[in-house]
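Down below is the structure, laid out as structure tokens.
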There are 2 protein chains.
Amino acid sequence: MDMTSPPAAAADCLGVSEVLGRIGDKWTVQVVVALHDRPRRFNDLKREIAGISQQMLTRTLKLLERDGMLERTVHPSAPPQVEYALSSLGRSLSQPLMQLAEWAIAHRDAVHESRVRYDASQLRAR
Amino acid sequence: MDMTSPPAAAADCLGVSEVLGRIGDKWTVQVVVALHDRPRRFNDLKREIAGISQQMLTRTLKLLERDGMLERTVHPSAPPQVEYALSSLGRSLSQPLMQLAEWAIAHRDAVHESRVRYDASQLRAR
DNA sequence: CGGGATCCAGTAGGATACTG
DNA sequence: CAGTATCCTACTGGATCCCG
């Protein structure tokens, strides 16, 4: 899917939806945000992120590591200690992520009201 | 943007992944971008967005309309004409979207190389 | 032209048990 | 503690046919 040399931002909309499709899953962003302040260990993250299973935490961490968004450090000891920390690439992502967060906060009510209106109008139409 | 007081945005990380989960699907962003310049009609969009089926275009447009991101105008005529245009809410979203687009462009190579490295190391480990 | 109604495959995500 | 291995369900997305 490697296009030619990227022209402008708007023309590269495919790249955007690629990124969004990648980080738009259920847990990735929550993990990134949880690691924003400081590195954390596995079960530390598991406790921090309400509702995530070991399975999904493992998968999400692996994908983020694969993309170079975080670094995994194993401290050989018993019991084993594994620390996850955002890489500089991972931190650079949280910048535009926060922009989106502010948009979400600013317009969440508008979206919610629109949905209520739309659903009501759909009911009347039946 | 004001990010001096951190908890406001950071604490609302759930809202972010909600938004990302919503627009992080396969087509939503591409539709928004396709409507960024000017309003378009159904089959116009279908031609513009390579690979989308009527089904998915219909679904995507409906969800965007439900969220108040676009306005649907029916011109009664034969054959019927339906025009889709971004609402101000929809246009406001493309702002943070472009931030993300620039991040994608700036770091796409880094991500790709990281994946290649990671996959190679996984092969060696087996 | 602009959809609606179906059917179907693939994958994301969840629960649980087990391991080094 | 930090995972791996299974199994299962639900939802996303695609193809097709039909209708006003």
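Every chain is numbered from 1 and lettered A, B, ... according to where its sequence line falls, protein lines coming before strand lines. In what follows, every heavy atom counts, from backbone to side chain, and hydrogens, waters and symmetry copies are set aside.
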Side chain A:Gln55 and base D:dT6 donor-acceptor under 3.5 Å:
yes

Does A:Tyr84 make a side-chain N or O approach to OP1 or OP2 of D:dG3 shorter than 4.0 Å?
yes

Just how far, in rounded Å, is P of D:dT12 from CG of A:Asp25?
14 Å

If you compare every side-chain N and O of B:Arg59 against the phosphate oxygens of D:dC11 (OP1, OP2), does one of them come in below 4.0 Å?
no

In this structure, how many angstroms lie between the C1' atom of D:dA2 and the CG atom of A:Leu57, rounded?
10 Å

Between atom CD in A:Gln81 and atom C1' in D:dA2, what is the gap in whole Å?
11 Å

Please tell me if the side chains of A:Val33 and A:Gln30 come closer than 4.5 Å, counting only heavy atoms from C-beta onward.
no

Taking for B:Glu83 and for A:Ile52 the nucleotide of DNA chain C with the nearest heavy atom, the one nearer the 5' end belongs to B:Glu83

Answer with yes or no whether the hydrophobic clustering places A:Leu63 together with B:Tyr118; edges join I, L, V, M, F, W, Y residues whose side-chain heavy atoms lie under 4.5 Å apart.
no

Strictly below 4.0 Å, heavy-atom distances to any atom of DNA chain C: list the hits from residues 40-51 of chain B, or just say none.
B:Arg41, B:Phe42, B:Asn43

Quick check: does any side chain N or O of A:Arg41 sit under 3.5 Å from a backbone N or O of A:Gln81, one acting as donor and the other as acceptor?
no

Atom pair CD1 (A:Ile49) and OG1 (A:Thr60), whose distance is rounded to the nearest 0.5 Å:
8.0 Å

Whole Å only: how far is the CD1 atom of B:Ile23 from the P atom of D:dT12?
15 Å

Below 3.5 Å between N/O atoms, which protein atoms pair up with nucleotides 18-20 of chain D? Just atom names and distances, please.
none

B:Val16 vs A:Ile105 side-chain heavy atoms within contact, under 4.5 Å
no

State, with a plain yes or no, whether a side-chain heavy atom of A:Leu100 is found less than 4.5 Å away from one of B:Leu93.
yes

So where does chain B start and stop touching DNA chain C, 5' to 3', when the test is distance under 4.0 Å to a non-hydrogen atom?
C:dC1 to C:dT6

Euclidean distance, B:Tyr84 OH relative to B:Leu45 CG, rounded to 0.5 Å
8.5 Å

Would you compute the distance between atom CG of B:Leu97 and atom CH2 of A:Trp103 and round it to the nearest 0.5 angstrom?
9.5 Å

Interatomic spacing from CG in B:Leu64 to CZ in B:Arg66 - rounded to 0.5 Å
11.5 Å

Please test B:Asp67 against A:Arg115 for side-chain contact (heavy atoms from CB on, under 4.5 Å), starting from the C-alpha separation and ending with a verdict.
CA-CA 5 Å; B:Asp67 288 355; A:Arg115 286 180 183 174; 2.6 Å; yes

Applying side-chain contact (heavy atoms from CB on, under 4.5 Å) to B:Glu48 and B:Arg40, what does each step give before you reach the verdict?
CA-CA 10 Å; B:Glu48 175 90 0; B:Arg40 286 173 185 276; 3.5 Å; yes

Across the strands shown, which category fits B:Thr58 at heavy-atom distances under 4.0 angstrom: base, sugar-phosphate, nothing?
sugar-phosphate

Integer-rounded Å distance: D:dA15 C1' and B:Lys26 NZ
13 Å

Would you mind reading off the distance between A:Glu65 atom CD and D:dA2 atom P, rounded to a whole angstrom?
15 Å

